[in-house]
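Okay, so here's the structure we're looking at.
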Amino acid sequence: MSRIETPRPIRGTQDIFGPDAEAFAHVVECFERVRKLYRFRRIEMPVFEKTEVFSRSLGETTDVVSKEMYSFDDRGGESLTLRPEFTAGIARAFITDGWQQYAPLKVATHGPLFRYERPQKGRYRQFHQIDAEVIGAAEPQADVELLVMADQLLKELGIADGVTLNLNTLGDGASREAWRSALIAYFRQHHGDLSEESQERLEKNPLRILDSKDPRDRPFVADAPQIDDFLSEEARDFFAQVTAGLDAAGVAWSRNPALVRGLDYYRHTAFEFITDRLGAQGTVLGGGRYDGLMESLGGAPTPAVGWAAGIERLAMLVQGDGQGGGELPADVIVVVENDAVMLDGVGAAAQLRRAGLSVDMIASGSPRKRFDKAVKLGAKAILALNPGDAGTQHRLRAEPDFAAVVDSALAGYRWQ
RNA sequence: GCGACUGUAGCUCAGUUGGUUAGAGCGCCGGUUUGUGGUACCGGAGGUCGCGGGUUCGAACCCCGUCAGUCGCCCCA
């Protein structure tokens, strides 16, 4: 007999079950509710796109495109990629589907994303995000609205404690480029004293030195040129309006001049809500303004801003707080203590459910142990069924108030 | 791609310096007890000790390799 080897799950995928699954659903439900309060319109997007959608938008420069996307050729020989983010696909749809007519357009979505990375805490190859974007709005009020929405979401999820909104500006294109050049010149002077990783970054992605975790880099980061010294008048004013809007809306924020984005299309506002409770993967929600993206996809210049947040990470925090997301006990558990009254179990459960009560039925295993099983499940009410001389006997155990609810739900049921 | 740690029953884990037939709790199945009842007891099923090689009279245990998981680094759209 040859043994059948059970296929293992793919690295970095997860089968979400039990309290984890409830917390996950809770996060999505909360997001759906809040996004409606801010009048963001729901969209559904394809899970895969032509590879160019992502490679063009990401610029083909970094490891990101070459090593960290799930790409494959379809039967026609065309390279396709499982979406590693929402933004590029939404930008593509904005262009190809004529959504310009709705600008400024506020949209929201959620679903799975795929990145070919080594899994670690709160980081998977298939993961899930909620996402919100405002496309075609150049005003700082769009940034503010997104941030206020994010803040409200985290508060309604009950996880805002220990979470800080880190805020920065990258300036407009010219500011950003001037700052970048100054940073390179500065770090070149200290090249030999930087960590090995940062010496690498100096060539490939100098802005990233600013958020290096290596203590050797810290003194140089502290004295590095600040974006503020390179901001144009317009960029400075834009950022001031964003912070003023946050203050007006009562959203706490913290300036973090080391918060950067590696990709060139980011302009002005960049932000991350960061928690101190998730180890190395502390960013819980992040985003920024990407005014340069639409052009890289061949569209007309279109200002846009958005954010995304990992559902798994939010769900972990929700559970850590011991609230929202637990599996709720049943309203009623119907216990068929003798198989002779099985059909009344089926019938009573159906009637109770039609009356809007959540019901589980226990009708298997040792009859004598069925009641104890029900007790252990901790329902609000237990309805035990047994055969009697005058037909099925039913006994209800519940608090008096809830017993009345169950009784009225059962009213009119014809026991066999 | 790199590093550290961990792989024993469905789950959580013991397992002595390398020594007979690998254990417990929980869960599951059956039975006895109780009988408006969350009790107690008895029994049962369930294990390629991640996999492959090596050392040894003898390996869950020591060595090498490999695979998987966890966490961290790199990267982070």
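Residue numbering restarts at 1 for every chain, and letters A, B, ... go by the order of the sequence lines. When reading the values below, keep in mind they use all heavy atoms of this one structure, side chains included, and skip hydrogens, waters and symmetry mates.
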Would you say [X] reaches [N]'s phosphate, i.e. side-chain N/O to OP1/OP2 under 4.0 Å?
| X | N | value |
| --- | --- | --- |
| Ser366(A) | rG31(B) | yes |
| Arg118(A) | rC76(B) | no |
| Gln120(A) | rG72(B) | yes |
| Arg368(A) | rG31(B) | no |
| Asn205(A) | rC76(B) | yes |
| Lys376(A) | rG27(B) | yes |

Return the pairing partner of [N] with a 3.5 Å limit on both distances, Watson-Crick or G-U wobble; otherwise return none.
| N | value |
| --- | --- |
| rC5(B) | rG69(B) |
| rG43(B) | rC29(B) |
| rA22(B) | none |
| rC74(B) | none |
| rG52(B) | rC64(B) |

Given the [atom1] atoms of [N] and [M], what is the spacing between them in whole Å?
| N | M | atom1 | result |
| --- | --- | --- | --- |
| rA60(B) | rU16(B) | P | 12 Å |
| rG19(B) | rG27(B) | C1' | 33 Å |
| rC41(B) | rC49(B) | C1' | 32 Å |
| rG47(B) | rC57(B) | P | 32 Å |
| rG52(B) | rA68(B) | C1' | 15 Å |
| rG46(B) | rA40(B) | P | 27 Å |
| rC51(B) | rG7(B) | P | 14 Å |
| rA45(B) | rA22(B) | P | 14 Å |

Can you find an N or O donor on one side and an acceptor on the other, under 3.5 Å apart, linking the side chain of [X] with the base of [N]?
| X | N | result |
| --- | --- | --- |
| Lys369(A) | rG31(B) | yes |
| Arg261(A) | rC76(B) | no |
| Arg395(A) | rU36(B) | yes |

So [Y] and [X], do their side chains get closer than 4.5 Å, heavy atoms only?
| X | Y | result |
| --- | --- | --- |
| Glu145(A) | Tyr38(A) | yes |
| Leu154(A) | Val284(A) | yes |
| Leu153(A) | Ile130(A) | yes |
| Arg83(A) | Pro112(A) | yes |

More than 12 heavy atoms from other groups under 6.0 Å of CZ on Arg42(A): yes
At 4.0 Å (heavy atoms only), tell me whether [X] reaches a base, stays on the sugar-phosphate, or touches nothing.
| X | value |
| --- | --- |
| Tyr266(A) | sugar-phosphate |
| Arg115(A) | base |
| Gly365(A) | sugar-phosphate |
| Arg83(A) | nothing |
| Glu117(A) | base |
| Glu197(A) | sugar-phosphate |

Send over the distance from [X] [atom1] to [N] [atom2], rounded to a whole Å.
| X | N | atom1 | atom2 | answer |
| --- | --- | --- | --- | --- |
| Glu200(A) | rC2(B) | CD | P | 16 Å |
| Glu337(A) | rU34(B) | CD | C1' | 13 Å |
| Lys204(A) | rC74(B) | NZ | C1' | 8 Å |
| Gln14(A) | rU70(B) | CD | C1' | 14 Å |
| Glu196(A) | rC74(B) | CD | P | 11 Å |
| Lys121(A) | rU70(B) | NZ | P | 11 Å |
| Arg123(A) | rG72(B) | CZ | P | 10 Å |
| Ile382(A) | rU36(B) | CD1 | C1' | 11 Å |

Backbone of Ile209(A) reached by a side-chain donor or acceptor of Ser212(A) within 3.5 Å: no
Geometric cation-pi criterion Arg125(A) and Tyr116(A), 6.0 Å radius, 45° cone: yes
Earlier contact from the 5' end, RNA chain B, for Ile10(A) and Thr87(A): Ile10(A)
Glu272(A) or Asp214(A), whichever maps to the more 5' nucleotide of RNA chain B: Asp214(A)
Closest approach of Pro367(A) to Glu337(A) (non-hydrogen atoms, all atoms of both residues): CB-O, 3.4 Å
